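Report on one structure; see the data block that follows.
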Amino acid sequence: MYFKVQILIALIELRINKWCFRNRLDKLQAKRWNKLQNKLLESPFYKENVLNKTPLQQYPILNKSEFMSNFDLINTVGITSYEAMKVAEKAERLRDFSPTIKDITIGLSSGTSGNKGIFMVSQKERAHWVACVLDRIIGFSLKKRSVAFFLRANSNLYSSVTSKILRFEFFDILGPLDNYIAKLNTLQPSILVGQPSILIELASYVKKGLLSISPSKVISVAEVLSPEDATYLKRVFQQTIHQVYQCTEGLLAVTCSKGFLHFNDDFLIIEKKYIDSEKKRFHPIITDLFRTTQPVIRYELNDIIHEKTDCPCGSSYTGIDKIEGRSDDVLSFKSDQNEKIRIYPDFFRREIILANPSIKDFTIVQKTGSMLELYIEPFEYYRSAEKRLQAFLKSQGVHEILIKQTLSKNHTQGNKFRRVQNEQKEN
């Protein structure tokens, strides 16, 4: 009962602050940052910064590797990475995600790079997360609804959403989808949540007539949702596909009423590290103003973000035009003059799409500086895709690239799907 009261308080606070500070986000961020610093005194990693009254802009910027290597010093509850990893790995192995340490929920993320990340949240932080889910993702309603959630791992964080009027069903994506069709037909979920690659497979069952569900909301999570996949899913499910941008570091962005992602600027401070001269692409540097168990302060994500500045919804929250992928997915070549040429994933995606409108699926993997591995479905359009890619590379000053056909998609079930990948040992 107490936890539900916490959720209600968090939900009311979110909505009141959203209204009161709708045109003064900087004041709300400053207020919450000042409050957060009191908790940072309990973090050995940040204590000196607080005592020295260091401005946020002078706190160290951490990447994932640095964040994890300093896990023991950063968190404020004295849990070691060894203890947390032991609990998280056991949960993954047994597929039982209920155990906690000191009432702290522990979760494990493999990430798109395969590097393990651990997240920890307290009951109060779980209540805030649930409030955000109700307010901005699922939507609050007194009607009975069911949610079918397809993820790699369940968590106390997700099951907290369950109530008498909201039934939450977790579907383990490590299992074969065939086994879930009958259950889905019986459940008739009001809301369907999953990775784009899973949603597309489920859509194929709908088109075959094997799956008969009509969810009122479809939400894409965990992977990048490409425009062509969004269009296909919209056509099958007859509605706008919503998105959630979330990772180990927290709930970062959700779609607005017009279907565009916006960062949660009311409890996040987003700094932009531009990675191109035109200032169109940036890495977000995240400061989460609500995370106190495992503070996330100036954490640099490797994702490539395109900002949207003219969203028709009119929100003052930072808009996202698209998430292009990760910097690790940028392909790297040598020109004829031996200069390094880096090409973003979006360019390859565009060339494949333009090669033939009948292409349904593809992956491009760079194995070496002079060799790409290309998967195209249906296979008969491989030559047209290869030809277009070769022409594009030559237009960029890249020659003598071997493009090798593969008959299997470069994806392991349970991992995040990436259409363009760079597997060179050295970039």
Side-chain angles (χ1 to χ4, degrees), residues 29-92 97 99-129 132 153 155-157 245-252 263-264 267-271 273 283-303 326-327:
Q29 290 172 341
K31 172 187 170 183
R32 287 182 166 159
W33 169 242
N34 289 333
K35 184 178 179 180
L36 174 61
Q37 287 183 88
N38 295 327
K39 191 66 179 177
L40 292 182
L41 286 169
E42 300 174 32
S43 167
F45 189 84
Y46 290 115
K47 184 176 181 180
E48 289 301 317
N49 289 109
V50 179
L51 292 174
N52 293 331
K53 297 182 179 179
T54 305
L56 174 61
Q57 291 73 21
Q58 293 179 21
Y59 273 63
I61 296 176
L62 302 179
N63 58 30
K64 184 172 185 176
S65 175
E66 294 164 336
F67 187 72
M68 287 308 302
S69 64
N70 289 286
F71 181 95
D72 298 3
L73 295 175
I74 289 175
N75 80 79
T76 62
V77 290
I79 295 176
T80 67
S81 58
Y82 174 79
E83 293 174 304
M85 187 65 77
K86 191 174 179 181
V87 169
E89 288 183 337
K90 183 178 180 181
E92 290 278 345
F97 302 96
T100 61
I101 302 177
K102 301 179 185 178
D103 202 31
I104 302 296
T105 293
I106 311 293
L108 182 67
S109 169
S110 62
T112 52
S113 63
N115 299 319
K116 292 180 180 178
I118 309 171
F119 69 83
M120 303 196 303
V121 288
S122 65
Q123 181 169 294
K124 184 177 180 180
E125 289 165 327
R126 280 170 53 203
H128 173 259
W129 185 89
C132 285
S155 168
N156 295 330
L157 200 61
Y245 181 21
Q246 175 173 294
C247 54
T248 313
E249 297 70 44
L251 182 60
L252 304 181
F263 281 110
N264 291 310
F267 58 86
L268 297 175
I269 294 176
I270 309 295
E271 300 174 68
K273 180 181 177 182
H283 291 321
I285 300 173
I286 306 293
T287 296
D288 191 315
L289 301 171
F290 273 131
R291 294 280 294 275
T292 58
T293 304
Q294 185 185 23
V296 177
I297 310 295
R298 302 199 80 198
Y299 183 100
E300 183 179 338
L301 291 172
N302 207 16
D303 297 330
R326 300 168 60 251
S327 280

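Everything quoted here is computed from the prediction, not taken from an experiment.
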(request) Could you pull out the closest heavy-atom pair between Pro44 and Leu73, with the gap in Å? (result) CD-O, 2.9 Å
(request) Could you pull out all residues at least two apart from Phe290 that satisfy ring-ring contact (aromatic ring centres under 6.0 Å, His included)? (result) His128, Phe267
(message) Using 0.5 Å steps for rounding, measure from the OH atom of Tyr59 to the CG atom of Asn49.
(response) 4.5 Å
(request) Could you tell me which non-hydrogen atom of Leu251 sits nearest to which non-hydrogen atom of Cys132, and how far apart they are? (result) CD2-CB, 3.5 Å
(message) Would the distance check show the side chain of Thr293 and the main-chain N or O of Met120 forming a donor-acceptor pair, the cut-off being under 3.5 Å?
(response) no
(message) Within this structure, what is the CD1-OG1 distance for the pair Ile79 and Thr100, rounded to the nearest 0.5 Å?
(response) 8.5 Å
(message) Can a donor-acceptor pair be found, under 3.5 Å and without considering hydrogens, that links the side chain of Asn75 to the backbone of Gly78?
(response) yes
(message) Is the ring pair Phe263/Tyr245 parallel, tilted or perpendicular, if the boundaries are 30 and 60 degrees?
(response) tilted
(message) With rounding to the nearest 0.5 angstrom, report the NZ to CG distance, Lys47 to Asn52.
(response) 11.5 Å
(request) May I ask you to check whether Phe119 and Trp129 place their ring centers less than 6.0 Å from one another? (result) no
(message) Go through it in stages, so that I can follow the logic: the residues are Thr54 and Tyr46, the test is side-chain contact (heavy atoms from CB on, under 4.5 Å), and I'd like the CA-CA distance, side-chain angles, deciding distance and then a yes or no.
(response) CA-CA 10 Å; Thr54 305; Tyr46 290 115; over 6 Å; no
(message) Looking only at the side chains, is there a donor atom on one of Ser122 and Glu125 sitting less than 3.5 Å from an acceptor on the other?
(response) yes
(message) If I compare all heavy atoms of Leu268 with all of Leu252, which pair ends up nearest, and what's the gap?
(response) CD1-O, 3.4 Å
(message) Using the rule given for side-chain contact (heavy atoms from CB on, under 4.5 Å), can you reason through Leu51 versus Leu41, listing the C-alpha separation, both sets of side-chain angles and the distance that settles it, and then say yes or no?
(response) CA-CA 8 Å; Leu51 292 174; Leu41 286 169; 3.8 Å; yes
(message) Could you check whether any side-chain N or O of Glu66 sits under 3.5 Å from a backbone N or O of Asn63, counting only pairs where one atom can act as donor and the other as acceptor?
(response) yes
(message) For Ser81, is there any backbone N or O sitting under 3.5 Å from a side-chain donor or acceptor partner on Asp72?
(response) yes
(request) Answer whether the closest heavy-atom distance between the side chains of Asn302 and Lys64 falls below 4.5 Å. (result) no
(request) Kindly indicate whether the side chain of Asn38, heavy atoms from C-beta on, has any atom under 4.5 Å from the side chain of Val50. (result) no
(request) Measure the shortest side-chain to side-chain distance between Val121 and Arg291 over non-hydrogen atoms and say whether it is less than 4.5 angstrom. (result) yes
(request) Using salt bridge (charged side-chain N to carboxylate O under 4.0 Å, His left out) as the criterion, list what pairs up with Glu271, not counting sequence neighbours. (result) Arg298
(message) With a 3.5 Å distance limit and no angle check, can you tell me whether Ser43 reaches the backbone of Ile74 through a side-chain donor-acceptor pair?
(response) yes
(message) Going by the rule side-chain contact (heavy atoms from CB on, under 4.5 Å), which residues pair with Gln57 if we only count those two or more places apart in sequence or in a different chain?
(response) Pro55
(message) Minimum heavy-atom separation for Ile118 and Gln294, please, with both atom names.
(response) O-NE2, 3.0 Å
(message) Working to the nearest 0.5 angstrom, can you tell me the gap between Gln29 CD and Leu36 CG?
(response) 12.5 Å
(request) Grab the two heavy atoms, one from Ile297 and one from Leu56, that are nearest each other, plus how far apart they are. (result) CG2-CD1, 3.9 Å
(request) State whether the number of non-hydrogen atoms from other residues, nucleotides or ligands found under 6.0 Å of Lys102 atom NZ is greater than 12. (result) yes
(request) Measure the CZ-CD distance between Phe71 and Glu83 for me, rounded to the nearest 0.5 Å. (result) 9.0 Å
(request) Can you measure from OG1 (Thr80) to CD1 (Ile101) and round to the nearest 0.5 angstrom? (result) 7.5 Å
